[in-house]
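Sequence lines set the chain letters: A, B, ... in the order given, protein chains first and strands last, and positions in each chain run from 1.
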Amino acid sequence: MTIYFRKRQIVLPGEVLAEGNRIKPGEGTFKEANKILSAVVGLAEVKGDTVFVVPLEGVYIPRPGDVVIGKIVNVKLTSWDVDILAPYLATLNPVNALGKQFDPIKNDLRRIYDVGDIIVAKILAFDRTQPPILTTKERGLGKLQGGRLVRMMPTRIPRLIGRRGSMINMIKKRTGCQIVIGQNGLIWISGKNIEDEELVVRAIRQIEREAHTSGLTDRIRALIYRNGKKEEDLNEH
Amino acid sequence: MSIKNYSQEELFKDGVRIDGRGANELRPIKLEVGVLSRADGSAYIEQGNNKILVAVYGPRELHPKHLARPDAAILQCVYRMATFSVDERKSPAPSRRELELSKVIRGALAPAIFLKNFPRSTIDVYIQVLQADGGTRCASITAASLALADAGVPMRDLVAACAVGKVNGTLVLDPNDVEDKLGEADMPLALMPRKKLITLLQMDGRMSKEEFLEACRMAINGCMEIYKLQRQALIKRYMVIREEYEGGEEEDA
């Protein structure tokens, strides 16, 4: 097998990434004859025998297991419709919200989630034939109250999280804010004061802009330091 | 149209065209990617006096639902000309020509896109011609394919497009408005450059078989040149930010 790119090189649609019989096409790539080509604008990488491209642009495509933030847009008799900023409207069934059977005669779904509510949910199932099914049964899922919502390009969320959460944990620790990240690009922030929240928003904007550069964690750390958030300030709380 | 009625000799004399170009020369092209912040992807092209803006949305939810395909996304293109884009004010009502070009552009872009990845949804391409000077369909396709890449829509390849005209019995690359209207023939061609697959081929006027084959060769070479510019424009968008921090250490994500 031959690989035609440097690690994390910016590649374009139709660019030949690798050639060979044993190599597998990963996400953001496709195979033609024994060549692997990029389908999107992104950063090319190899892991084992798989070549994949981390996209730099794109809308959110639901994946089972993802935690997302969504807005209730419709309450039906026995389910909710949730806008998760994807090409498909998600469905939340009462069984997956309450953990028990729901009787539409005795109860009203609006008492649990009403139109306009913002919820954190996990995607239970999604395939080509049905809309994404959500659940809010697990810990940490459910309605969000207070705080603020920021929208970020969903393809750049992995940089905000960092390797094993290194980036987001650093931001949380240094700013003292509670942060919930939806894989669909919505981020919920709640801090002790507006300045802290605003600092997080600035960090998010910088990560979004510079997602394809290296040494980002250090620059974000510096940004937070410059704004007077030292570790000792936070240890007092 | 109030264009001066040039004779064929005036259009092409001693190897020089009416705007000073040689027969095998493209107009100056400027490409810019990501010019609109509200759209998922966008691009702007200036090709000679053509000025075209393209916005791409999607894949997104499709309304009305009955248009949806259960196995793939649909591609919707809207080609519109601004009222001020031509010499004589264009009526703002959608014209037959605009509708036809929308259809033709959709056909030129669709083979490059992995529509099967997004069943039941839509990808919308909005093309706004701000200033027209001949060859807007080709310039639109060139820009639309960049806007699609900028939107993160998975594609087999970019699409580049370029026309060949015939004036005073000579084939000329990338004809402008005057050459298009007064010339003897006009042949737009769109190409997926990697495998040289043609996704659009139209012609009006007359050409001999030999002229037609030569025109195809010229158009394909023109498209390859445009393809280079397209790649540069896409990469530039990210390299500018990356270079600010050049020499960075190994990755942490």
Counterpart residues, ring pair (Phe, Tyr, Trp, His ring centres under 6.0 Å), relative to Y126(B) (two or more places apart): Y57(B)
Per the side-chain contact (heavy atoms from CB on, under 4.5 Å) rule, which among M155(B), R194(B), R231(B) passes with P13(A)? M155(B)
So for A151(B), is it side chain, backbone, both, or neither that comes closer than 4.5 Å to the heavy atoms of chain A? backbone
Measuring from atom CD1 of I10(A) to atom CE of M239(B), what distance do you get when rounded to the nearest 0.5 angstrom? 5.0 Å
Residues, nucleotides or ligands: over 12 heavy atoms within 6.0 Å of R202(A) CZ: no
Using a heavy-atom distance cut-off of less than 4.5 Å, which residues of residues 58-85 of chain A contact chain B? G58(A), V59(A), I61(A)
Can you spot which of L234(B), D157(B), L146(B) makes a side-chain contact (heavy atoms from CB on, under 4.5 Å) with L12(A)? L234(B)
Is F114(B) close to chain A through its backbone or its side chain, or both, or neither, when contacts mean heavy atoms under 4.5 Å? side chain
Residue selection (most heavy-atom pairs with chain A, distance under 4.5 Å) from P119(B), A149(B), S145(B), P154(B): P119(B)
Below 4.5 Å from any heavy atom of chain B, which atoms of T29(A) appear? Answer side chain, backbone, both or neither. neither
At their closest point, which heavy atom of L43(A) faces which heavy atom of R242(B), and how far apart are they? CD2-NH2, 3.6 Å
Crowding at CZ, R151(A) (>12 non-hydrogen neighbours, <6.0 Å): no
Does the side chain of Y88(A) reach to within under 4.5 Å of the side chain of P59(B), using non-hydrogen atoms? no
Of the listed residues (V16(A), I161(A), L37(A)), which shares the most heavy-atom pairs with chain B below a 4.5 Å separation? L37(A)
Taking every heavy-atom pair that is under 4.5 Å apart, which of L148(B), L158(B), I113(B), D150(B) has the most such pairs with chain A? D150(B)
Please say whether more than 12 non-hydrogen atoms of neighbouring residues, nucleotides or ligands are located less than 6.0 Å from NZ in K31(A). yes
Are the side chain of R120(B) and the backbone N or O of R128(A) linked by a donor-acceptor pair below 3.5 Å? yes
Sort R164(A) into side chain, backbone, both or neither according to what part of it lies under 4.5 angstrom from a heavy atom of chain B. neither
Using a strict threshold of under 4.0 Å (side-chain N to carboxylate O), is an ion pair present between R156(B) and E32(A)? no
R237(B) and V41(A), any side-chain heavy atoms less than 4.5 Å apart: no
Rounded to the nearest 0.5 Å, how far apart are CD1 of I235(B) and CD of Q9(A)? 7.0 Å
Cut-off 4.5 Å, heavy atoms of chain B, and the answer for T155(A) is neither
Is the CD atom of E25(B) crowded by more than 12 outside heavy atoms at less than 6.0 Å? yes
